[in-house]
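Heads up, the thing below is written out as structure tokens.
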Amino acid sequence: MSFSVASWNVNSIKARLPNVADWLKAHGPDVACLQEIKCLDEAFPREAFEDLGYNVETVGQKTYNGVALISKRPIEEVALRALPGGEDDDQARYIECVVGTDSGAARVASLYLPNGNPAPGPKFDYKLAWMKRLRDHADALLAYEEPTILAGDYNVIPREVDVHDPEAWADDALFRPESRDAFSAIKWLGWADAFEQVDGRADQYTFWDYQRGAWPKNHGIRIDHLLVSPQAADRLKSVEIDRDARGAEKASDHAPITATFDL
DNA sequence: ATGGTAGTACAACTA
């Protein structure tokens with residue numbers, strides 16, 4: 001039995017609907033975790049996805065942020081519409097659902113971790129605080145001993161080999177030691193980076209800036225990740241980054257990344 | 001060292 005989960009920062013679902021719909025028709029993952037939908041829940045084009053066979057859950061926000069989780073499998077429960085511990089945090093960055101699989105169920109989250117630039121500063125402080133909340137929640141989730149996939153735009157470059165020019169990014173919030181250490185600390189709780197688990201090659205990017213010809217020059221970074229619990233890691237079959245989606249007309253600056261499980 | 005692009009929304013912010 002096959003169960004696939006994709007993560008894609010679409011950079012506005014309204015601007016990207018043709019790209020996303022075409023991609024879903026061609027690839028059809030069981031679950032797609034979308035980030036930066038940049039619209040309120042009522043403005044999300046849910047019918048377009050329902051017509052493709054997806055159930056739709058969103059945590060939207062006007063202009064910025066916003067996440068969606070769409071699933072061909074039944075959504076048995078919307079477990080969370082925000083990351084715990086953020087009483088004064090009104091940014092739409094997290095949704096967590098339980099979806100049915102052929103072998104039972106899987107827990108899947110779509111998350112959009114704060115960018116954090118410029119660093120240092122209040123935005124960087126917010127990023128690190130959000131990562132601490134994510135760590136605490138990720139630790140709690142492991143106790144369920146379920147197949148769990150935390151998919152999203154983490155805005156963290158984990159390794160030197162995940163950026164075309166490490167020196168140029170040294171002071172960036174996406175590559176600073178504090179960000180990388182916080183990401184590493186989550187993994188050391190017992191989570192695996194799906195890409196590193198099955199591939200781990202250097203120079204495999206998921207984001208290329210619109211500026212400075214980053215895409216044609218392949219000046220990219222790997223910041224979109226699927227962290228998987230042991231019960232999902234044991235069933236992980238493959239991971240694919242779809243660069244073709246980044247090369248399309250009117251593309252998002254992120255490429256989708258898909259993990260496939262024997263679940 | 002600056003500016004280059006894209007999206008939202010119509011000025012300026014985010015990335």
Side-chain angles (χ1 to χ4, degrees), chain A residues 7-23 33-46 48 58-68 83 86 89-94 110-131 134 151-158 162-176 178-180 182-183 205-225 241-257:
Chain A
S7 181
W8 195 2
N9 180 322
V10 297
N11 186 17
S12 169
I13 194 58
K14 277 183 260 183
R16 214 67 59 209
L17 185 56
N19 302 57
V20 178
D22 287 349
W23 189 82
C33 299
L34 309 177
Q35 300 88 35
E36 282 207 270
I37 62 173
K38 292 188 172 179
C39 65
L40 294 168
D41 292 334
E42 53 266 37
F44 189 87
R46 79 167 36 237
T58 61
V59 174
Q61 179 179 340
K62 194 176 167 69
T63 309
Y64 302 119
N65 311 316
V67 290
L83 189 62
D89 181 1
D90 57 0
Q91 299 189 20
R93 296 181 176 276
Y94 191 88
S110 175
L111 68 90
Y112 178 46
L113 204 148
N115 176 294
N117 278 306
K123 291 187 177 176
F124 192 55
D125 295 341
Y126 172 65
K127 176 180 196 156
L128 295 179
W130 206 93
M131 294 188 82
L134 180 61
D153 177 358
Y154 280 75
N155 271 314
V156 175
I157 302 164
D162 297 318
V163 49
H164 75 281
D165 184 356
E167 288 181 10
W169 286 79
D171 296 325
D172 193 282
L174 280 61
F175 195 51
R176 286 176 66 105
E178 300 95 320
S179 306
R180 294 165 65 189
F183 185 68
Y205 309 133
T206 64
F207 170 89
W208 298 258
D209 202 291
Y210 288 123
Q211 303 181 64
R212 296 175 292 259
W215 168 247
K217 290 190 266 192
N218 195 28
H219 289 178
I221 54 177
R222 187 171 69 88
I223 57 172
D224 298 272
H225 311 299
I241 299 167
D242 185 10
R243 294 172 53 98
D244 292 344
R246 179 61 181 86
E249 278 296 303
K250 292 274 290 173
S252 167
D253 40 7
H254 294 251
I257 175 170

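Convention: sequence-line order gives letters A, B, ...; per-chain numbering from 1.
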**OP:** Between protein and nucleotides 1-10 of chain B, map the contacts as a letter string: B base, S sugar-phosphate only, - none, heavy atoms under 4.0 Å, written 5' to 3'.
**Re:** ---BBSSSS-

Subject >> Nearest-angstrom distance from the residue atom CZ of A:F207 to P of B:dA15 >> reply: 11 Å

Subject >> Whole-Å gap separating P (B:dA15) and CG (A:N155) >> reply: 8 Å

Original post:
When rounded to the nearest Å, what value does the distance between C1' atoms of B:dG4 and B:dA15 take?
Top reply: 14 Å

Original post:
Using a distance-only test with no angle check, is there a side-chain donor-acceptor pair under 3.5 angstrom linking A:N11 and A:E36?
Top reply: no

Original post:
Once you round to the nearest 0.5 Å, how far does CH2 of A:W208 lie from NE2 of A:H219?
Top reply: 12.5 Å

Original post:
On a whole-Å scale, what distance lies between the P atoms belonging to B:dA6 and B:dT2?
Top reply: 23 Å

**OP:** For nucleotides B:dA9 and B:dT14, find the distance between their P atoms and express it as a whole number of Å.
**Re:** 14 Å

Show me the side-chain donor-acceptor pairs of residues 39-46 of chain A shorter than 3.5 Å, one per line, residues at least two apart or across chains.
from	atom 1	to	atom 2	distance (Å)
A:D41	OD1	A:T58	OG1	2.8
A:D41	OD1	A:G60	N	2.7
A:R46	NH1	A:E50	OE2	3.4

**OP:** Take atom CG of A:L113 and atom P of B:dT14, then tell me their distance rounded to the nearest Å.
**Re:** 17 Å

Original post:
Any side-chain heavy-atom pair from A:Y94 and A:V59 closer than 4.5 angstrom?
Top reply: no

Original post:
For A:N218, does the CG atom have more than 12 heavy-atom neighbours from other residues, nucleotides or ligands under 6.0 Å away?
Top reply: yes

Original post:
To the nearest Å, how far apart are A:Q91 CD and B:dC13 P?
Top reply: 16 Å

Original post:
A:N117 has an atom CG; how far is it from atom P of B:dC13, in whole Å?
Top reply: 16 Å

Subject >> All salt bridge (charged side-chain N to carboxylate O under 4.0 Å, His left out) counterparts of A:D153, not counting sequence neighbours >> reply: none

